[in-house]
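First the structure, in the form of structure tokens, and then the observations on it.
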Amino acid sequence: MSILVNWLESLHKEMKVTAKCSRVRNKKSTCRYCMEKCKHNAIELNGELLIIDTKKCTLCGECMIACPSSAIEGVASNRNFEKGSLIFDKSYTPSLKELLIYKKRGMTSIQISDQALNQEWEKVLVDTNKRLKLLDESPITVTEKVRDEVLSRRAFFGSFQREGKQLAKRMAPVAWKMEQDDWKITKYFPNYQFYSVEINPYECTLCQTCFSLCGEVVFKLMDGKLLIKAEWCVNCTSCRDVCPEEAIKIQPEIKRKNEQYEFVHSKTCKDCGHTFYTFDKETEKCHMCKNRDPDWLSPYE
Ligand code: SF4
Ligand code: SF4
């Protein structure tokens with residue numbers, strides 16, 4: 001059965017960078033998570049965009065798991081599970097984010113058979129369990145593989161049914177298997193934030209460039225406030241890369257989500273007459289007019 005499954009799988013596998021990639025949306029993006037994760041140097045920059053070299057790509061799926069924006073479609077071909085356990089395989093080391101996501105998908109343990117976990121797996125497991133504690137979740141345990149039992153007639157035919165379903169699932173083209181946002185950590189822990197997002201109101205000019213480039217819609221101007229939904233931030237760094245004032249600070253920090261906002265004021269510029277937003281109640285001129293060289297003749301005077 002497994003030879004047939006592997007053969008069928010080989011017909012459909014490919015990794016694909018989608019339009020959700022921050023480099024597609026933002027020419028100033030410096031995001032390199034996938035490139036840094038790929039051990040085979042299969043991801044290259046073509047101008048600002050990423051391309052996957054299919055000759056070098058081994059379809060390991062590491063890039064797909066690493067992408068904060070869930071912008072790569074494909075399958076992690078060497079991950080194997082059995083009854084809620086991830087089977088230990090020393091040919092790769094799962095990431096912390098990956099284990100957190102598997103935990104929320106129902107994985108409870110890592111299964112070992114004749115070998116103990118290696119140092120890399122041990123480390124990531126300890127780190128993951130520390131984060132799970134902060135997230136009010138039970139830890140992932142290590143279990144030993146139970147030796148195969150002799151199957152009853154009923155269980156034997158039941159196992160055929162299960163295998164059949166798995167086969168049908170594996171035969172589906174890659175794009176069908178990947179649900180949108182499958183590797184986005186925020187989807188699994190909606191009541192927590194993984195990053196703190198701060199905008200410095202003394203530096204920010206409320207130009208709103210970052211608002212439109214954030215694929216997670218973290219920033220929103222509403223009812224006289226700038227709302228910051230830090231619980232949706234995936235640390236794609238797009239906002240930081242684009243901000244001309246270097247006014248944004250993103251840092252890893254797991255905590256319960258809370259309402260975060262800054263008051264903003266809508267004004268009409270004394271010089272140019274355009275409406276603008278500002279954090280400063282007393283300001284009378286928009287950012288452009290305020291910073292115009294005073295020796296230049298104002299087009300509005
Ligand atoms: S707020 Fe977070 S998700 Fe949005 S652009 Fe910035 S780093 Fe990316
Ligand atoms: S890009 Fe920078 S200056 Fe413009 S709104 Fe965002 S934080 Fe403020």
Side-chain angles (χ1 to χ4, degrees), residues 17-37 48 50 65-72 97 100-101 180-267 269 274-281 283 285-292:
V17 181
T18 69
K20 283 191 281 173
C21 170
S22 32
R23 285 181 175 271
V24 175
R25 289 183 282 112
N26 175 8
K27 284 203 181 325
K28 289 195 169 170
S29 171
T30 59
C31 187
R32 301 175 63 86
Y33 285 105
C34 57
M35 291 170 82
E36 280 162 14
K37 200 72 190 171
E48 285 94 19
L50 295 170
I65 296 165
C67 174
S69 306
S70 198
I72 301 184
K97 170 184 151 187
L100 287 177
I101 290 176
Q180 203 184 19
D181 298 342
D182 255 1
W183 294 105
K184 207 175 272 181
I185 189 83
T186 50
K187 170 180 159 179
Y188 298 90
F189 299 89
N191 295 322
Y192 289 84
Q193 64 181 61
F194 285 79
Y195 302 95
S196 66
V197 181
E198 282 168 34
I199 287 196
N200 182 341
Y202 299 104
E203 302 288 344
C204 171
T205 59
L206 282 168
C207 70
Q208 303 183 45
T209 315
C210 61
F211 300 6
S212 52
L213 287 176
C214 173
E216 310 306 316
V217 203
V218 167
F219 310 105
K220 207 170 189 178
L221 274 175
M222 217 168 81
D223 304 330
K225 290 175 189 164
L226 165 60
L227 302 177
I228 302 176
K229 303 288 248 173
E231 68 273 21
W232 293 344
C233 176
V234 292
N235 194 24
C236 71
T237 72
S238 213
C239 57
R240 243 181 16 209
D241 293 337
V242 81
C243 177
E245 312 297 333
E246 296 182 10
I248 305 180
K249 207 158 120 192
I250 313 271
Q251 278 183 318
E253 184 184 23
I254 295 181
K255 62 178 186 188
R256 275 201 168 266
K257 72 171 180 185
N258 58 42
E259 206 186 8
Q260 188 185 344
Y261 60 84
E262 297 279 348
F263 285 108
V264 292
H265 309 277
S266 174
K267 298 254 184 164
C269 177
H274 287 126
T275 46
F276 67 100
Y277 287 106
T278 174
F279 291 112
D280 180 5
K281 210 161 63 180
T283 299
K285 291 184 186 179
C286 70
H287 181 64
M288 290 282 280
C289 291
K290 208 161 53 178
N291 288 295
R292 201 166 357 95

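Just so you know, these numbers come straight off a predicted model, no measurement behind them. Counting convention: from 1, in listed order, for ligands and their atoms alike.
Here ring-ring contact (aromatic ring centres under 6.0 Å, His included) pairs that include residues 204-223, with residues two or more places apart or in two chains, are F211-F219. The side chain to side chain donor-acceptor pair (under 3.5 Å) pairs that include a residue from residues 216-233 are K184-E216, where partners are two or more places apart or lie in different chains.
Remark: the backbone N or O of V197 is paired with a side-chain donor or acceptor of Q260 at under 3.5 angstrom. Remark: the backbone N or O of A247 is not paired with any side-chain donor or acceptor of Y202 at under 3.5 angstrom. Checked by atom type and distance alone, the side chain of K267 never pairs as donor or acceptor with a backbone atom of C286 at under 3.5 Å.
Counting heavy atoms from C-beta outward, F276 and L206 have side chains that stay 4.5 Å or more apart.
The E216 neighbourhood of ligand 1 comprises atoms 3 (S), with distances under 4.0 Å to a heavy atom of that residue.
For atom 4 (Fe) of ligand 1, the nearest protein heavy atom (residue, atom name, distance) is C214 SG, 2.3 Å. At the shortest separation from atom 7 (S) of ligand 1 among protein heavy atoms lies T237 N, 3.3 Å.
Proximity of L213 to ligand 1, defined as any heavy-atom pair under 4.0 Å, is not found for any part of the residue.
Residue nearest to atom 8 (Fe) of ligand 1, selected from S238, C236, S69: C236 (by heavy-atom distance).
The aromatic ring centroids of Y261 and F263 lie less than 6.0 Å from each other.
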Which atom pairs, one a donor and one an acceptor, fall under 3.5 Å between side chains of residues 235-245 and the rest of the protein, sequence neighbours left out?
{"residue": "N235", "atom": "ND2", "partner": "Y33", "partner atom": "OH", "Å": "3.0"}
{"residue": "T237", "atom": "OG1", "partner": "D241", "partner atom": "OD2", "Å": "3.2"}
{"residue": "S238", "atom": "OG", "partner": "N26", "partner atom": "ND2", "Å": "2.9"}
{"residue": "D241", "atom": "OD1", "partner": "T30", "partner atom": "OG1", "Å": "2.9"}
{"residue": "D241", "atom": "OD2", "partner": "T30", "partner atom": "N", "Å": "2.7"}
{"residue": "D241", "atom": "OD2", "partner": "T30", "partner atom": "OG1", "Å": "3.0"}

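Within 6.0 Å of the OH atom in Y192, the count of heavy atoms belonging to other residues, nucleotides or ligands exceeds 12.
Within the protein, the number of N, O or S atoms lying under 2.8 Å from atom 6 (Fe) of ligand 2 is 1.
For a distance bound of 2.8 Å, the N, O or S atoms of C233 include none lying that close to atom 4 (Fe) of ligand 1.
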